[in-house]
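The sequence lines fix the lettering, A, B, ..., with proteins before strands; numbering per chain opens at 1.
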Protein chains: 2
Amino acid sequence: MVKNVTFKDAWDGQADCRVCALRESVLFAGLNEGDFEHIHQPIDQYTLPVGAVLYRSGDSGQRMYTIRSGVLKLVQYLPDGSQRIVRLIRSTDVTGLECLLGKPYQHDAIVLQETEVCSLPIKVVDNLSQENPTLHRELLNRWQRALNEADAWLTELSTGSAKQRVARLLLRLVSDMESSECELFAREDMGAMLGITTETASRTIAEFKRRSLLVESRSNHFLLDVPNLQRIAED
Amino acid sequence: MVKNVTFKDAWDGQADCRVCALRESVLFAGLNEGDFEHIHQPIDQYTLPVGAVLYRSGDSGQRMYTIRSGVLKLVQYLPDGSQRIVRLIRSTDVTGLECLLGKPYQHDAIVLQETEVCSLPIKVVDNLSQENPTLHRELLNRWQRALNEADAWLTELSTGSAKQRVARLLLRLVSDMESSECELFAREDMGAMLGITTETASRTIAEFKRRSLLVESRSNHFLLDVPNLQRIAED
DNA sequence: CGTGGGTTTGAAGCCGGTCAACTCACGTGG
DNA sequence: CCACGTGAGTTGACCGGCTTCAAACCCACG
């Protein structure tokens, strides 16, 4: 686990949203030239390595984040100290919406795969959203999207046998890719996503490999046998 | 199960939000006299019996709902037909927010305990929220509240042993009451909330009764031994 | 080349799933 | 009024999957 990566270390510079490659799919999609004049605070860009902490549960933050690439986990803890991963945040997702409402962050946000983020001061988002209805609407959409994700985790990833859950998780990882290739997470993280133990996660993945449902293409990248995994996922 | 309760049957009349007893805690808390002039569509009030369907997943609705009293379940279905309850909606909660975004309802909403609801046309909410920032802010808060609930269901109610889950559910039911009394749900529903079978739910509840963690006060109403249930909940 | 973290595998035991029987309350119809 | 049917809750027996505890393995890294 990489520790103590300060944000300073990871700083990539200031973003120019006007020329952002992801402009079409990102929170600021609906902004026009005039709107950009109203951005009086810098929007910084960072590249965070695996294990880096974007924010911690309970912190009262002043920034939300757009993910340009990579994957983060949102983690909550139980009284007994065990952890549960409640969602994954990926490319074009926005996280930290809650601080727009003056609430502290509700989760730990930790990098699972090297991640590029843009850091948006809430002031900027708040001001723009008052003037630009499209952005405002987009914010609501993001909230709803997060809710849908949360519900899906419950129904798809916390229901059924361990094999079903693992299969559904794998399918989910490639669902928005062109190829059926994906990078796997640590078994411990898979367990925390699926509500099973690390050992069961490992056993299941190992079995899938033996049955060639997973074939390693390059180090820790796997090609999925989608049709057969789907059969397992649905029972 | 009560079937085919039409909304007409359940109609209680038109609501006058100005004199609403729940005004302080409800979505419209921040409205002023002037705002009410802008309500050009009627806000109807209904009393729905157990088993009634408020809306169905996939329906493209034009209304959201404020719950005055009672309890509803939000249900999602898996490909294999089994159901999972992803949230409960209770007094002062708002549900159906998604149709404000033009999306169809994401769940079945079904009455678990007799429920009084107000039906708010999205046009009304939409118009008011454009002019009244307090209401608008309140809408965002509701969205965030739903998200928090969803996350809590994952970490509290879908993690740990069956005994822990049942105990946590029971504690959750009385957490916002003055007394520690609550009304239980059907075992099948409990199972669907906790990701366990009906039988396991029944066995666990029966055992809790034998151990006097649950004492029946009146028909299907139970007093909880909160401290001991808490011990079980945390292990 | 040794150390350590993550992964895999093994063995044992238990919790919860499955299937089935039985009870009880309730409502319907003879 | 009682017989009967229905549906929910409870309980039992059995079994299998998952957890638990441990050991072995693998590989990256200093």
Side-chain angles (χ1 to χ4, degrees), chain A residues 1-3 49-51 73 78 80-85 110 112-113 157-170 183-211 213-214 216 218-222 232-233 235, chain B residues 1-3 49-51 73 78 80-84 110 112-113 157-170 183-211 213-214 216 218-222 232 235:
Chain A
M1 223 44 21
V2 182
K3 50 258 168 200
V50 174
K73 60 177 174 181
L78 292 161
D80 73 352
S82 63
Q83 63 169 265
R84 189 80 207 252
I85 298 175
I110 300 178
L112 287 187
Q113 293 171 13
L157 302 185
S158 301
T159 309
S161 69
K163 280 193 239 299
Q164 288 178 313
R165 297 186 194 188
V166 173
R168 293 194 195 118
L169 174 61
L170 293 171
E183 187 177 341
L184 289 191
F185 307 118
R187 305 296 173 267
E188 187 178 356
D189 284 327
M190 291 199 185
M193 294 178 209
L194 303 174
I196 60 182
T197 59
T198 308
E199 291 93 328
T200 301
S202 172
R203 267 184 250 272
T204 309
I205 290 289
E207 185 196 330
F208 282 4
K209 284 187 203 164
R210 278 190 290 272
R211 288 165 59 181
L213 300 165
L214 286 174
E216 187 153 23
R218 53 198 166 108
S219 143
N220 201 36
H221 287 250
F222 292 84
I232 293 174
D235 180 26
Chain B
M1 216 57 10
V2 182
K3 49 252 166 207
V50 174
K73 60 176 174 182
L78 292 162
D80 73 352
S82 62
Q83 63 169 265
R84 189 80 208 252
I110 301 178
L112 288 186
Q113 293 171 12
L157 302 185
S158 300
T159 309
S161 69
K163 279 193 242 298
Q164 289 178 311
R165 297 184 195 189
V166 173
R168 294 194 195 118
L169 175 61
L170 293 171
E183 188 177 340
L184 290 191
F185 306 118
R187 305 296 173 267
E188 188 177 356
D189 284 328
M190 291 199 187
M193 295 179 208
L194 303 175
I196 60 181
T197 59
T198 308
E199 291 93 329
T200 301
S202 172
R203 267 185 252 271
T204 309
I205 290 289
E207 184 196 330
F208 282 3
K209 285 188 202 163
R210 279 191 290 271
R211 289 165 58 181
L213 300 165
L214 287 174
E216 186 152 24
R218 52 199 166 106
S219 145
N220 201 36
H221 287 250
F222 292 85
I232 293 175
D235 181 25

Could you tell me the separation between the [atom1] atom of [X] and the [atom2] atom of [N], rounded to a whole number of Å?
X: A:Phe222; N: C:dT7; atom1: CZ; atom2: P; result: 11 Å
X: B:Phe208; N: D:dT11; atom1: CZ; atom2: P; result: 14 Å
X: B:Glu188; N: C:dT18; atom1: CD; atom2: P; result: 14 Å
X: A:Ile196; N: C:dT7; atom1: CD1; atom2: P; result: 13 Å
X: B:Asn220; N: D:dG9; atom1: CG; atom2: P; result: 8 Å
X: B:Met190; N: D:dA8; atom1: CE; atom2: P; result: 14 Å
X: B:Leu214; N: D:dT10; atom1: CG; atom2: P; result: 10 Å
X: B:Glu207; N: C:dC15; atom1: CD; atom2: C1'; result: 12 Å

Output for pair (A:Gln83 CD, A:Asp189 CG), nearest 0.5 Å, gives 6.5 Å

Distance col, row B:Gln164:CD vs A:Leu78:CG, nearest 0.5 angstrom, shows 8.5 Å

- Just wondering, do B:Phe185 and B:Lys73 contact through their side chains at under 4.5 Å, heavy atoms? no

Task: Side-chain donor/acceptor contact of B:Arg203 with base of C:dT18 under 3.5 Å - done: yes

Would you say [N] has OP1 or OP2 under 4.0 Å from some side-chain N or O of [X]?
X: B:Thr200; N: C:dG17; value: yes
X: A:Thr197; N: D:dT19; value: yes
X: B:Arg210; N: D:dT11; value: yes
X: A:Lys209; N: C:dT8; value: yes

May I ask you to say what [X] touches in the nucleic acid, namely base, sugar-phosphate or nothing, with a heavy-atom cut-off under 4.0 Å?
X: A:Ile205; answer: nothing
X: B:Arg165; answer: nothing
X: A:Thr198; answer: nothing

B:Leu170 and B:Phe222: CA distance, side-chain angles, deciding distance, side chain to side chain contact (heavy atoms under 4.5 Å, CB included) verdict: CA-CA 10 Å; B:Leu170 293 171; B:Phe222 292 85; over 6 Å; no

Heavy-atom nearest nucleotide on DNA chain D taken for A:Glu199 and for A:Ser161; more 5' hit belongs to A:Ser161

- Quick one: do B:Arg165 and B:Thr200 satisfy side chain to side chain donor-acceptor pair (under 3.5 Å)? Show the steps, please. CA-CA 11 Å; B:Arg165 297 184 195 189; B:Thr200 301; over 6 Å; no

